[in-house]
Amino acid sequence: MRTSKDFFRPLAVGAPAPLREIPARPSRAIHFFDPSNEKMAAKIPAMVGTVDVLLGNLEDAVKADNKVAAREGLVRIAQSTDFGPTQLWTRINSLDSPWVLDDLTTLVPAIGEKLDVIMVPKVQGAEDIHYVDRLLAQLEAKAGISKPILVHAILETARGVANIEEICAASPRMQGLSLGPADLAADRRMKTTRVGGGHPGYLVRQDPASSSEDDINAPRAIFQQDLWHYTIARMVDACAMHGIYPYYGPFGDIADVVACEDQFRNAFLLGCVGTWSLHPKQIAIANRVFSPSVEDIKHARRVVAAMGDGTGAVMLDGKMEDDASLKQCLVMVELAEQLAAIDPELKAAYDAIEI
Ligand SMILES: CC(=O)SCCNC(=O)CCNC(=O)[C@H](O)C(C)(C)COP(=O)(O)OP(=O)(O)OC[C@H]1O[C@@H](n2cnc3c(N)ncnc32)[C@H](O)[C@@H]1OP(=O)(O)O
Ligand SMILES: CC(=O)C(=O)O
Ligand SMILES: [Mg+2]
């Protein structure tokens with residue numbers, strides 16, 4: 001563990017200085033594509049500006065035979081595309097795979113200036129981040145990269161979840177965490193075979209009218225629960241504590257756009273800043289859900305106006321507002337400002353609000 005004295009020192013001579021604060025760049029949807037899939041890859045340049053993050057995936061979902069083609073495809077796309085306001089991320093292969101070393105030693109010199117964030121899968125503890133941190137610094141120094149490439153960890157093992165705080169604190173490169181519900185479910189031996197989302201068997205049931213057999217067997221309301229609530233909440237606290245950003249992850253039922261929106265909204269309400277999109281139709285859902293609504297911003301601005309110097313308590317629409325609820329409203333207002341800076345449609349909608 002580095003002491004606080006040298007936490008912000010570059011880990012290689014000539015590497016760029018680590019950031020002292022992780023920028024709050026909008027990242028409502030991290031859109032995954034397989035750079036070895038020519039049809040998919042051909043669509044990427046036209047997606048610039050329509051999504052906050054484009055992520056060239058090299059890990060799971062890319063066939064073993066296509067690992068080299070995916071890596072080379074990502075280099076080609078990155079070198080030939082002007083990403084404008086859209087961030088470019090990649091998900092490298094896992095640290096125990098035969099591909100990851102070539103992923104890093106190829107990508108950093110070739111496209112290190114364009115890569116904003118490297119997502120590291122199956123992170124188990126701080127030691128995994130330390131390994132990537134030092135290697136990136138060496139590669140950045142050698143290639144003369146001007147800004148540090150940030151690191152994002154996927155939580156997809158029980159050990160990773162148990163070590164969540166040390167992972168967040170492992171390096172000033174840490175940008176955020178995503179939930180990896182598929183691998184995590186397998187690692188925990190959970191009994192769901194779905195990629196994210198709920199499960200109809202995970203529920204609570206209304207009490208029976210009485211303890212008679214008839215009432216116990218009578219139809220009763222059931223309420224499906226969120227399998228991922230605990231992990232997402234844990235992730236949100238760990239990220240907030242360390243000044244980095246939490247994300248939901250994949251929602252594998254591409255056809256069920258309604259449940260996808262529900263899962264994304266739960267994550268947004270709990271504190272996540274964004275999610276993954278696996279298919280183009282999930283981008284619009286993520287952009288909608290992870291942008292505060294016009295009604296929420298109208299209310300937040302009214303509270304800010306009503307609270308004057310920000311202290312004391314006032315009544316607004318029959319509700320008490322005070323210093324704390326003002327801070328809740330400022331979270332929304334600040335997010336709206338960040339999003340308006342990159343999304344002209346949202347800016348117009350927020351600008352039209354009259355309070
Ligand atoms: C647990 C985890 O690790 S999750 C992360 C790893 N998984 C991924 O990255 C999956 C990424 N997504 C995909 O591979 C694909 O979207 C699939 C396999 C889920 C579905 O693909 P398809 O069956 O081709 O979907 P569909 O037929 O609806 O595609 C419609 C169009 O969108 C394109 N498309 C599909 N997914 C994407 C994408 N992620 N990015 C860009 N374009 C895409 C298709 O090429 C197709 O193009 P066309 O109209 O010119 O033919
Ligand atoms: C996101 C991911 O990699 C998983 O769910 O396993
Ligand atoms: Mg996984």
Ile167 side chain near Glu127 side chain, heavy-atom distance below 4.5 Å: no
Under 3.5 Å: donor-acceptor pair, side chain of Asp256, backbone of Ala259: yes
Any donor-acceptor pair under 3.5 Å from Gln282 side chain to Phe251 backbone: yes
CG (Asp82) with more than 12 external heavy atoms under 6.0 Å: no
Any side-chain heavy-atom pair of Met174 and Cys168 under 4.5 Å: no
Beyond-backbone contact of Glu113 with Ser146, side-chain heavy atoms, under 4.5 angstrom: yes
Derivation of the side chain to side chain contact (heavy atoms under 4.5 Å, CB included) call for Ile154 and Val123: CA-CA 6 Å; Ile154 314 180; Val123 171; over 6 Å; no
Residues which pass side chain to side chain donor-acceptor pair (under 3.5 Å) with Ser97, listed by chain and number, not counting sequence neighbours: none
Main-chain N/O of Leu203 paired with Gln224 side-chain donor or acceptor, under 3.5 Å: no
Side chain Lys191, main chain Ala185, donor-acceptor under 3.5 Å: no
Expected output: side-chain Lys298 to main-chain Ile353 donor-acceptor under 3.5 Å: no
Partner set under ring-ring contact (aromatic ring centres under 6.0 Å, His included) for His152, not counting sequence neighbours: Trp89, Tyr247
Residues forming a side chain to side chain contact (heavy atoms under 4.5 Å, CB included) with Ala306, sequence neighbours excluded: Val314, Leu316
N-O pairing of Asp103 and Arg91 below 4.0 Å: no
Partners meeting ring-ring contact (aromatic ring centres under 6.0 Å, His included) with Phe32 (sequence neighbours left out): Trp276
cation_pi(Arg205, Phe223) dist<6.0 Å, angle<=45: no
Trace of the salt bridge (charged side-chain N to carboxylate O under 4.0 Å, His left out) decision for Arg301 with Glu334: CA-CA 11 Å; Arg301 287 189 189 159; Glu334 280 165 20; over 6 Å; no
Salt bridge Arg76-Glu72, side-chain N to carboxylate O under 4.0 Å: no
Selection residues 322-331 - residue pairs positive for side-chain hydrogen bond (donor to acceptor under 3.5 Å, both in side chains), sequence neighbours left out: Glu321-Ser325
Listed partners of Asp187 passing side chain to side chain contact (heavy atoms under 4.5 Å, CB included), at least two apart: Thr157, Ala158
Between Ser212 and Asp214, a side-chain donor and acceptor under 3.5 Å: no
Non-hydrogen side-chain atoms of Ser27 and Tyr245 separated by less than 4.5 Å: no
NZ/NE/NH1/NH2 to OD/OE distance under 4.0 Å, Arg234 and Glu165: yes
Heavy-atom side-chain proximity of Ser36 to Val68 below 4.5 angstrom: no
Exercise: identify the closest heavy-atom pair between Ser178 and Met235: C-SD, 3.8 Å
From Val108, Leu150, Thr90, Leu136, residue fulfilling side-chain contact (heavy atoms from CB on, under 4.5 Å) relative to Leu115: Thr90
Sidechain-backbone polar pair: Asp317 side chain, Lys319 backbone, donor-acceptor under 3.5 Å: no
Side-chain donor or acceptor of Arg71 paired with backbone N/O of Lys67 under 3.5 Å: no
Residues Asp253 and Arg194 bridged, charged N to O under 4.0 Å: no
Over 12 foreign heavy atoms within 6.0 Å of CZ, Phe7: yes
Under 3.5 Å donor-acceptor, Asp296 side chain and Pro292 backbone: no
Asn287 side chain to Phe290 backbone, donor-acceptor under 3.5 Å: no
Backbone N/O of Ile244 and side chain of His242: donor-acceptor pair under 3.5 Å: no
Between Ser291 and Arg28: side-chain donor-acceptor atoms closer than 3.5 Å: yes
